[in-house]
Amino acid sequence: MRTILTLTFFLSCLFSYAQGGSWDIFYPSMPAVAVAAHANTILVGTNGAGLTVFDTLGNRQSFFVANSGIPSNDIRKTAIDATGHWWVEYYLGFARFDGTAWQVWSKTDAGISSSETVSVLKAAPDGSIYAGTSAGFLHFKNDVWTLFTTANSGLPSNSIRDLTFDAVGNIYFATGAGLAITDGTNWTIHDAASTGLTNLNNVKSVAVTADGIVWVTVGQNRFAKLESGTWTEYVAADIGLTGAGFSGAVFYDAFDRLWLNFTKKISVLSNGVWTHYDETAIGCTFLTSAQNNIFLATDGAGNLWATTCGLTRFDGLNWEQQPTTNSGLPGGLVFAISEDAGGNIWFGTLDGIGKLDPTGNWSNFDPADFGATSVYNDVYDILSPSNGDVWIGLVEGEMLRLDGTGWTLFDTCATAFPDWSQLQLNLYIRASAEAPNGDLWFSVAPTAGFGARLARYSATNGWSFFDPSNSPVVNGADVEAIAFDASGTGWFASTNKGLYHFDGTAWTVFNAANSDLPDDHVHDVTISPDGAVWACTELGLARLDGSDWTILNTSNSDLPSNETYRIAFDGIGGMYVGYDIPGAGAQVAELRNGQWQVIAAPGFEDLVVDPPYAFMVDSHNRLWFTKVYYDQNLSLRPVFRYDPMLTATDEGVDEGFPITAFPNPTAGNVFLQWPTGMSGEALLQVRNAQGQVVQAASLFVSAGQSVPVNLSGLPTGSYWITVYQGSRFSTIKMVKQ
């Protein structure tokens, strides 16, 4: 039997909204590509995660398009001018923050083409700003941009790689045709012809010490020094290094230290002594293009900040990796979110595993450290069973289990389905769920195309597997989600074959042809607190209560879209649905107290254009979700956490005190049997299928009393009677004949 209605079967009026709820947005760590420091402020530009601002104590603020006026989340260069204003360069132009607002100039505003590359952004001692580009250098002073090229200056090349200033007002430019020095009027060029140093035609970086010694990097293993009019060229071996690779940035700081980086090392000259730090000492693997992309800066406390392998800080004794955003999430896409028995939130990402503990501390894990064989760190699924274990679903059909003794690798699924191995298709763990008896179920799919397989793990009986030979799964459809009801029956959401049902012995299939399921594209399935099965389809939501189907769609409810992809219930009467509106983006809708509300993270109303992917309600009734795909408006993929901020109208809530109702179904009168030991004032409400209150009454009842409720004037259909007393309530479903 099919019923069309809007349900409020377990929703309580005992809760009220704090205005708009509360949002937290966690941004995955993205590569640090630029750093500048002045006194107590350190500006870090990231590739897709906006601007992160540190102080010398390690405090951190993050500036994104969504939470500030910064024009882009892709910040390529940073600088701090003499007045303390922050400067950033991004792919379309420049921006300045004066402490209150951002002012933006496009590249064309500044006088260069939008396609030109900006290699360096630095603040001059006089408060002006210089930007080295592939088309010459830009100078910003008195709110005016001026472009200097070989045509209107003494530059030997328009390719500006680096620039710096000395104490007497000279400006030094590292170019593709030598080192150029100007006092503002006159120019001096140091190149291969004038110095005899062949490599000086290819200057990458320049620094000037307090006593006027000029240092430049010029090529593989090579750097040079100009002192008292004499050039001296060095290779890495001259300062005690072997196999150092390409030299990159050279940087002189206010503490009379000269810093020099190579492909895999950072060296420092202090008090006439060179000290070298390799990847082992620094504790990370340098970026493969490190010789071109390292930026160095020191803050007012003398800490070195380097973009060697992410963001690294050196206090003179220890090297420490620093998060570039407001979380410790690994970078890249977030595919899975799960909460374990200890309240830890786990994240499966494109770059490994992240964990947020209940105290707010982050930690990351690399699957390869625990034996995973894939060259990819992709984590597509996480399952947190009730026994406290955590299962991590990887590519290549592998799984990691974290239990009380440590990590264990399972490659069982990788070897269980040889047909895919023969087709050279990699596998990944698509979805998972725990059955009431403790068995764990996993959906396995190829990374190319569609074709679900299922695996079941029992602590006592080991592994068993399901493929087209012994189950309804077929090569043309994935299983996107798995859920188990209280009886132990398994429900499996198929991408285009409907809803699979397994009672422990036999399989059945519900689809649009043999049931009231509205569509065969089922993207999610879950069990609501009242035990009903809910499925997300592309033609609305479907609810199966025993043998009765209930369909919610845009024509019979305020559901914002029929294309539903994710669903979850909280413990305080709310239902969340992740949906898509083709061509208009996707959001999340909340159903509470019979009312639908679209919830959108501040600043992301028009930017979250994909259906939510990972979708979970935690033990604190907070909704977590993420989007997956990249879009041009928002280059990072954050994790959203929404807290509905619901508070009880009375202290404490005790759901489900024992009230019974008879007869059910009824043609008219219903009698509510009040429990022994309870008496006093109570509120009674009757809601119809659309969640509307159609009857309400205040009662004074005695213990054990039968209270009549007259439904005779209502149309036939289903109704929900809720009785409230103080902080407690009970809801009963009635059928009016």
Side-chain angles (χ1 to χ4, degrees), residues 330 332-338 340 346-355 363-435 437-471 473-475 477-482 490 492 502 614:
L333 310 175
V334 179
F335 295 109
I337 308 175
S338 181
D340 68 21
W346 293 82
F347 304 88
T349 82
L350 192 65
D351 295 316
I353 309 162
K355 185 182 79 169
S363 52
N364 296 332
F365 306 91
D366 186 339
D369 292 339
F370 310 110
T373 61
S374 175
V375 296
Y376 306 104
N377 285 332
D378 305 17
V379 176
Y380 286 95
D381 182 72
I382 301 179
L383 176 63
S384 300
S386 55
N387 66 354
D389 292 350
V390 178
W391 289 72
I392 308 294
L394 310 173
V395 292
E396 311 290 359
E398 295 181 334
M399 283 182 276
L400 286 169
R401 181 184 67 191
L402 175 62
D403 59 18
T405 60
W407 295 86
T408 303
L409 179 70
F410 292 86
D411 63 356
T412 315
C413 291
T415 59
F417 303 113
D419 51 337
W420 278 335
S421 300
Q422 293 168 5
L423 294 174
Q424 297 183 334
L425 294 175
N426 291 330
L427 313 180
Y428 73 104
I429 309 303
R430 184 75 166 86
S432 58
E434 179 184 15
N437 66 353
D439 287 353
L440 308 181
W441 286 73
F442 303 92
S443 165
V444 189
T447 53
F450 295 93
R453 301 291 187 268
L454 297 171
R456 177 177 62 190
Y457 176 76
S458 168
T460 56
N461 299 320
W463 290 91
S464 53
F465 305 96
F466 301 86
D467 60 23
S469 69
N470 61 355
S471 73
V473 298
V474 296
N475 287 336
D478 281 347
V479 170
E480 287 197 50
I482 307 171
F492 303 82
F502 183 60

Would Phe492 and Phe466 satisfy side-chain contact (heavy atoms from CB on, under 4.5 Å), going step by step from the backbone distance to the final call?
CA-CA 12 Å; Phe492 303 82; Phe466 301 86; over 6 Å; no
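- The CG atom of Asp381 sits 10.0 Å away from atom OH of Tyr428, with the distance rounded to the nearest 0.5 Å.
- Looking at every heavy atom in both residues, Pro385 comes nearest to Leu440 through CG-CD2, 3.8 Å.
- Atom CH2 of Trp407 and atom CZ of Phe365 lie 5.5 Å apart (nearest 0.5 Å).
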Leu402/Trp346 under side-chain contact (heavy atoms from CB on, under 4.5 Å): CA gap, chis, key distance, verdict:
CA-CA 12 Å; Leu402 175 62; Trp346 293 82; 3.6 Å; yes
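- Taking all atoms of both residues into account, the shortest heavy-atom contact from Pro367 to Gly352 is CD-CA, 4.0 Å.
- To the nearest 0.5 angstrom, Leu400 atom CG is 11.0 Å from Asp411 atom CG.
- The shortest side-chain heavy-atom distance between Val473 and Pro468 falls under the 4.5 Å cut-off.
- Within 6.0 Å of the OH atom in Tyr376, the count of heavy atoms belonging to other residues, nucleotides or ligands does not exceed 12.
- Taking CD1 of Ile382 as the reference point, atom CZ of Phe335 lies at 11.5 Å (rounded to 0.5 Å).
- Within the 4.5 Å cutoff, the side chain of Asn377 has no heavy atoms near those of the Val379 side chain.
- For the residue pair Ser386 and Glu434, a side-chain donor N or O sits within less than 3.5 Å of a side-chain acceptor on the partner.
- Listed for the Ser374 side chain is no donor-acceptor partner under 3.5 Å among the backbone atoms of Val395.
- Here the side chain of Asp478 pairs no donor or acceptor atom with the backbone of Glu480 at under 3.5 angstrom.
- Smallest separation of non-hydrogen atoms from Arg430 and Ala445: CB-CB, 4.4 Å.
- Looking only at atom types and distance, the side chain of Asp467 has a donor-acceptor partner in the side chain of Ser469 under 3.5 Å away.
- If you take CZ on Phe410 and CZ on Arg401, they are separated by 4.0 Å, rounding to the nearest 0.5 Å.
- Here the OH-OG1 distance, from Tyr380 to Thr349, works out to 10.5 Å after rounding to the nearest 0.5 Å.
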Chi angles and distances behind the side-chain contact (heavy atoms from CB on, under 4.5 Å) call for Ile429, Val444:
CA-CA 5 Å; Ile429 309 303; Val444 189; 4.1 Å; yes
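- Checking side-chain atoms of Glu398 against main-chain N and O of Leu409 turns up no donor-acceptor pair under 3.5 Å.
- In terms of heavy atoms, Ser443 sits closest to Leu454 at CA-CD2, 3.9 Å.
- Between Trp463 and Phe442, the angle of the ring planes lies from 30° to 60°, which puts this pair in the tilted group.
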